[in-house]
Amino acid sequence: MAQAVVVGAGIGGLTTALALARNGWQVTVLEQAASIEPVGAGLAVAPNALRALDMIGLGDEVRKLSAIQGEAGLRRPSGRWLSRTTAEESAARYGDSIVLLTRSALVGILAARLPEGALRLGTRAESADPGTGLVTLATPAGGTAGGTETIRADLVVAADGIRSRTRAALFPGHPEPVYAGVTSWRAIIPNAGTVGASETWGAGLVFGVMPLAGGQVYCYATAPVAAGLRAESEKEELVRLFGRWHDPIPGLLAAAGPGAVLRHDIYSLDTPLPAFHSGRIALLGDAAHPMTPNLGQGACQAIEDAVVLARHVSPGGGPAPDPAADLAAGLAAYSRERLARTTPIVRRSRLAGRISGWRDPLAVALRDGAVRAAGLLGPAVAVRQFDDVFRWPG
């Protein structure tokens with residue numbers, strides 16, 4: 001049985017492990033953290049990612065967690081709508097609406113279906129050889145095992161995030177992800193009651209409100225500041241920036257727990273990699289194409305990556321009978337397909353971030369006027385701008 005090692009137990013890594021296991025691979029997932037229980041963040045699973053999850057039998061389980069109903073759209077800080085649509089409009093056009101859920105919920109769904117013994121926590125991949133598939137492991141200081149070991153794999157999948165050590169080793173001269181000019185805050189507000197979904201654009205500031213299952217609400221915000229800045233109280237910083245915006249934003253901020261607000265600067269890989277593979281190693285998700293969150297496609301594209309990679313390296317529904325030749329061809333096909341798919345999405349997301357972050361009053365007025373004019377044409381206009389993203393596979 002062909003062996004695959006997946007580096008990183010995030011959404012992309014776990015989805016890859018499941019997709020490969022369904023196609024007959026024996027998988028080992030390496031995660032340097034002591035647990036895979038992310039907290040404090042939500043994510044959007046768009047129709048394209050739901051179809052990818054259908055391919056590994058998990059789409060319907062994720063759909064059960066959908067909490068979006070009624071209207072959603074863009075607003076001004078006063079509360080005035082710029083553009084509105086409905087979940088029903090999206091479902092009618094794409095067969096699904098967007099499912100919003102906590103990152104931990106999706107990770108839990110994926111991790112629960114891993115083959116027994118596949119997940120190794122507290123284990124860091126120090127290096128991987130693209131020629132031999134030899135992976136050198138280290139248990140972090142303080143771990144129960146300690147020391148190093150090596151394992152050999154037919155396929156190594158690097159899903160080790162935006163600061164991927166594997167990407168840096170494979171493409172040492174390539175530009176690193178760059179700061180997008182904005183910092184972001186995220187918080188999950190428990191027992192917040194019933195609120196509608198919206199994203200509000202001000203002069204350089206953005207605040208999103210997204211309902212989750214169980215009465216929770218996921219809030220996110222961005223502001224243009226220098227990289228690396230932090231506030232003494234991130235919650236109070238949000239109140240300062242957004243506390244006078246329309247309801248329910250002030251009430252949600254007031255209800256946020258003292259330690260509920262997470263802050264991270266946003267980075268994007270503006271220069272695409274020449275390939276998403278080298279030798280026996282494939283790059284996936286943020287390790288391959290880190291993007292800004294403005295289209296809500298970071299996790300979605302990682303999920304797509306996973307099922308496409310598994311398909312290309314498993315001809316005939318099982319591991320390749322000639323790993324040396326067929327694996328090389330499959331990884332090359334994966335690179336071609338995913339570069340063509342993700343590169344325009346990375347660029348479009350970056351552009352959306354720039355537009356939403358405009359601060360000049362005239363530019364903001366022109367932007368809002370254009371969005372409002374398009375919205376007056378009906379909810380279908382707001383939805384169909386995502387045709388090239390959501391209609392996958394085409």
Colleague: Measure across V178 and R350 and return the closest heavy-atom pair with its distance rounded to 0.1 Å.
Modeller: CG2-NH2, 3.8 Å

Colleague: Identify which one of V99, V307, I109, V45 satisfies the side-chain contact (heavy atoms from CB on, under 4.5 Å) criterion when paired with L53.
Modeller: V45

Colleague: Check for me, please, whether W392 and F276 land in the same ILVMFWY cluster - side-chain distances under 4.5 Å, paths through other members count.
Modeller: yes

Colleague: Would you say S356 and N294 make side-chain contact, with heavy atoms under 4.5 Å?
Modeller: yes

Colleague: Between T85 (side chain only) and G73 (backbone N and O only), is there a donor and an acceptor less than 3.5 Å apart?
Modeller: no

Colleague: Give a yes or no answer on whether the side chain of T86 reaches the backbone of E89 with a donor-acceptor pair at less than 3.5 Å.
Modeller: yes

Colleague: At what distance, to the nearest 0.5 angstrom, does CG of L50 lie from CG of D60?
Modeller: 9.0 Å

Colleague: Could you walk me through whether Y220 and E199 pass the side chain to side chain contact (heavy atoms under 4.5 Å, CB included) test, one step at a time?
Modeller: CA-CA 9 Å; Y220 59 89; E199 185 170 282; 2.4 Å; yes

Colleague: For the pair T123 (side chain) and L121 (backbone), establish whether a donor and an acceptor sit closer than 3.5 Å, ignoring hydrogens and angles.
Modeller: yes

Colleague: Does the side chain to side chain contact (heavy atoms under 4.5 Å, CB included) test come out yes or no for H312 and E337, once each step is laid out?
Modeller: CA-CA 10 Å; H312 280 304; E337 182 173 337; 2.7 Å; yes

Colleague: Are D160 and R165 ion-paired here, with the side-chain N under 4.0 Å from a carboxylate O?
Modeller: no

Colleague: Do R263 and T183 pair up side chain to side chain, a donor and an acceptor below 3.5 Å, judged on atom types alone?
Modeller: yes

Colleague: Has Q26 got a side-chain atom pairing as donor or acceptor with M1's backbone, closer than 3.5 angstrom?
Modeller: no

Colleague: Nearest heavy-atom pair of D270 and S268: which atoms, and what distance?
Modeller: OD1-OG, 3.1 Å

Colleague: Mind checking whether L170 and V6 sit in one hydrophobic cluster, side chains of I, L, V, M, F, W, Y counted as touching below 4.5 Å?
Modeller: yes

Colleague: Mind listing the closest non-hydrogen atom pair of A138 and T148 along with its distance?
Modeller: CB-CG2, 4.2 Å

Colleague: Any chance you could measure R167, atom CZ, to L273, atom CG, to the nearest 0.5 Å?
Modeller: 6.5 Å

Colleague: Is R367 salt-bridged to D360, cutoff N-O under 4.0 Å?
Modeller: no

Colleague: For V371 and W201, work out which heavy atoms get closest and say how close.
Modeller: CG2-CZ3, 4.5 Å

Colleague: So, R186 and H264: side-chain donor and acceptor under 3.5 Å apart, yes or no?
Modeller: yes

Colleague: Can a cation-pi geometry be assigned to R163 and Y267, taking NZ or CZ under 6.0 Å from the six-membered ring centre and within 45° of the ring axis?
Modeller: yes

Colleague: Is there a path of hydrophobic side-chain contacts, each under 4.5 Å between heavy atoms, that joins F171 and V7?
Modeller: yes

Colleague: Does the side chain of D129 come within less than 4.5 Å of R280's, by heavy atoms?
Modeller: no

Colleague: Assess whether side chain to side chain contact (heavy atoms under 4.5 Å, CB included) is satisfied between Y334 and L284, documenting all intermediate values.
Modeller: CA-CA 10 Å; Y334 163 74; L284 184 142; 3.9 Å; yes

Colleague: As an exercise, state the distance from CZ of R338 to CD1 of I345, rounded to the nearest 0.5 Å.
Modeller: 7.0 Å

Colleague: Check whether any side-chain heavy atom of L366 sits under 4.5 Å from a side-chain heavy atom of W358, and report yes or no.
Modeller: no

Colleague: Under 3.5 Å, side chain of H174 to main-chain N/O of T271, donor-acceptor pair present?
Modeller: yes

Colleague: Apply side chain to side chain contact (heavy atoms under 4.5 Å, CB included) to the pair R113 and I56, showing each step before the final yes or no.
Modeller: CA-CA 10 Å; R113 284 153 185 78; I56 58 172; over 6 Å; no

Colleague: Would you check if R22 and S314 make a side-chain contact, meaning some heavy-atom pair closer than 4.5 Å?
Modeller: no

Colleague: Less than 4.5 Å apart, any side-chain heavy atom of D305 and any of H289?
Modeller: yes

Colleague: Could you tell me if the side chain of L18 sits less than 4.5 Å from the side chain of L114, heavy atoms only?
Modeller: yes

Colleague: Can you name the closest pair of heavy atoms from L269 and A288 and give their distance?
Modeller: CD2-O, 3.7 Å

Colleague: Would you mind writing out the side-chain donor-acceptor pairs for residues 240-262 within the sub-3.5 Å range, not counting sequence neighbours?
Modeller:
| residue | atom | partner | partner atom | Å |
| --- | --- | --- | --- | --- |
| R240 | NE | E237 | OE1 | 3.2 |
| R240 | NH2 | E237 | OE2 | 2.8 |
| H246 | NE2 | T200 | OG1 | 2.7 |

Colleague: When you group the ILVMFWY residues by side-chain heavy-atom contacts below 4.5 Å and let the links chain together, are V225 and V239 in the same group?
Modeller: no

Colleague: If you take all heavy atoms of P77 and G202, which pair is closest and at what distance?
Modeller: CG-CA, 3.7 Å

Colleague: Hey, does T28 have a side-chain heavy atom less than 4.5 Å from the side chain of Q3?
Modeller: no

Colleague: What distance separates M210 CE from I98 CD1, expressed to the nearest 0.5 Å?
Modeller: 7.5 Å

Colleague: Just so I know, are the side chains of L155 and L331 near enough to count as touching, which here means a heavy-atom distance under 4.5 Å?
Modeller: yes

Colleague: Which value, rounded to the nearest 0.5 Å, describes the distance between I303 atom CD1 and M55 atom CE?
Modeller: 11.5 Å

Colleague: Which residue in the set L65, I188, L43 passes side-chain contact (heavy atoms from CB on, under 4.5 Å) when paired with T102?
Modeller: I188

Colleague: Not counting sequence neighbours, list each pair that qualifies as a ring pair (Phe, Tyr, Trp, His ring centres under 6.0 Å) and has a residue in residues 81-100.
Modeller: Y94-F390

Colleague: Counting only N and O atoms by type, is there a donor-acceptor contact under 3.5 Å from the side chain of S349 to the main-chain atoms of T292?
Modeller: yes

Colleague: Can you tell me how far OH of Y218 sits from CZ of R103, rounded to the nearest 0.5 angstrom?
Modeller: 7.5 Å

Colleague: Are I355 and V182 connected in the hydrophobic side-chain network, where two residues link if heavy atoms are under 4.5 Å apart?
Modeller: no

Colleague: May I ask you to decide whether D54 forms a salt bridge with R51, counting only side-chain N to carboxylate O separations under 4.0 Å?
Modeller: no

